[in-house]
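If you're wondering where the values come from, they're calculated on a predicted model, not measured in any experiment. For the numbers below, each heavy atom of this structure counts, side chains included, while hydrogens, waters and symmetry mates do not.
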Amino acid sequence: MPIRKHPSLILLSLIISLQCFSQAQPRKLSAKRTTATFKIDGNLDEPAWKDAPVATDFTELRPNYGAKENNKTEVRILYDNNFIYIGCYCYDSPDSISRELAGRDQVGNSDFVGVLFDTYYDKINAVGFYVTTSGEQY
């Protein structure tokens, strides 16, 4: 006899999940204004990056959602009149980095880093930008 899921259990699970997510305290990182010019080359060697506030202590999205990061990640944000610059260092051992090629705008099995902009500040709608370890974007 097949196992059937009971609708009230699914609804209860959904409510519990939503309460867990809503209790998470949002973290803030201030972006620093800059007048520097940048070469977009993957190197954060311009002096302005050294003065930017640093975000650390991230949690995993996958494979273990919400787990504390095993390897250090540092993110910095700068902006000027025209652009927002986001730089990050993701420290990891080279043999554990997943580099599957999936094609642009496809979510494969690669390690990635991304940013979401909630421009309406409604915690529902956002625009995301991601890049994988192979340089693919989505």
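The minimum heavy-atom distance between Asp80 and Asn82, with the atom names listed, is OD1-N, 2.8 Å. The two residues Val75 and Cys88 have their closest heavy-atom pair at CG2-CB, 3.7 Å. Considering all non-hydrogen atoms of both residues, Asp118 and Ile124 come closest at OD2-N, 4.5 Å. Residue Val54 comes nearest to Thr56 through the heavy atom pair CG1-CG2, 3.8 Å, listed as atom of the first residue, atom of the second, then distance. Nearest heavy atoms, Thr37 versus Glu46: O-CG, 3.9 Å.
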### Task
Apply side-chain contact (heavy atoms from CB on, under 4.5 Å) to Glu74 and Leu44, showing your working.
CA-CA 12 Å; Glu74 297 177 346; Leu44 306 181; over 6 Å; no
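Between Lys72 and Tyr89 there is no side-chain heavy-atom pair separated by less than 4.5 Å. In this structure the side chain of Thr34 never reaches within 4.5 angstrom of the side chain of Tyr79, judged on heavy atoms. With a 4.5 Å cut-off on side-chain heavy atoms, Ile77 and Ile84 count as touching. Side chains of Asp51 and Lys32 form a contact here, defined as non-hydrogen atoms less than 4.5 Å apart. Side-chain contact check for Phe129 versus Tyr138: every heavy-atom pair is 4.5 Å or farther apart. The shortest distance between side-chain heavy atoms of Pro53 and Leu29 falls below 4.5 Å.
Remark: the backbone N or O of Asn43 is paired with a side-chain donor or acceptor of Asp41 at under 3.5 angstrom.
To the nearest 0.5 Å, the span separating NZ on Lys39 from CG on Asp45 amounts to 8.5 Å.
Tyr91 and Val113 are assigned to two separate hydrophobic clusters, defined by single-linkage of ILVMFWY side chains at heavy-atom distances under 4.5 Å. Hydrophobic clustering (side-chain heavy atoms under 4.5 Å, transitive across Ile, Leu, Val, Met, Phe, Trp, Tyr) groups Val127 together with Val115.
The existence of a salt bridge linking Lys68 and Asp57 is confirmed by a sub-4.0 Å separation between a basic side-chain nitrogen and an acidic carboxylate oxygen.
Phe38 has its ring centre less than 6.0 Å from the ring centre of Tyr85.
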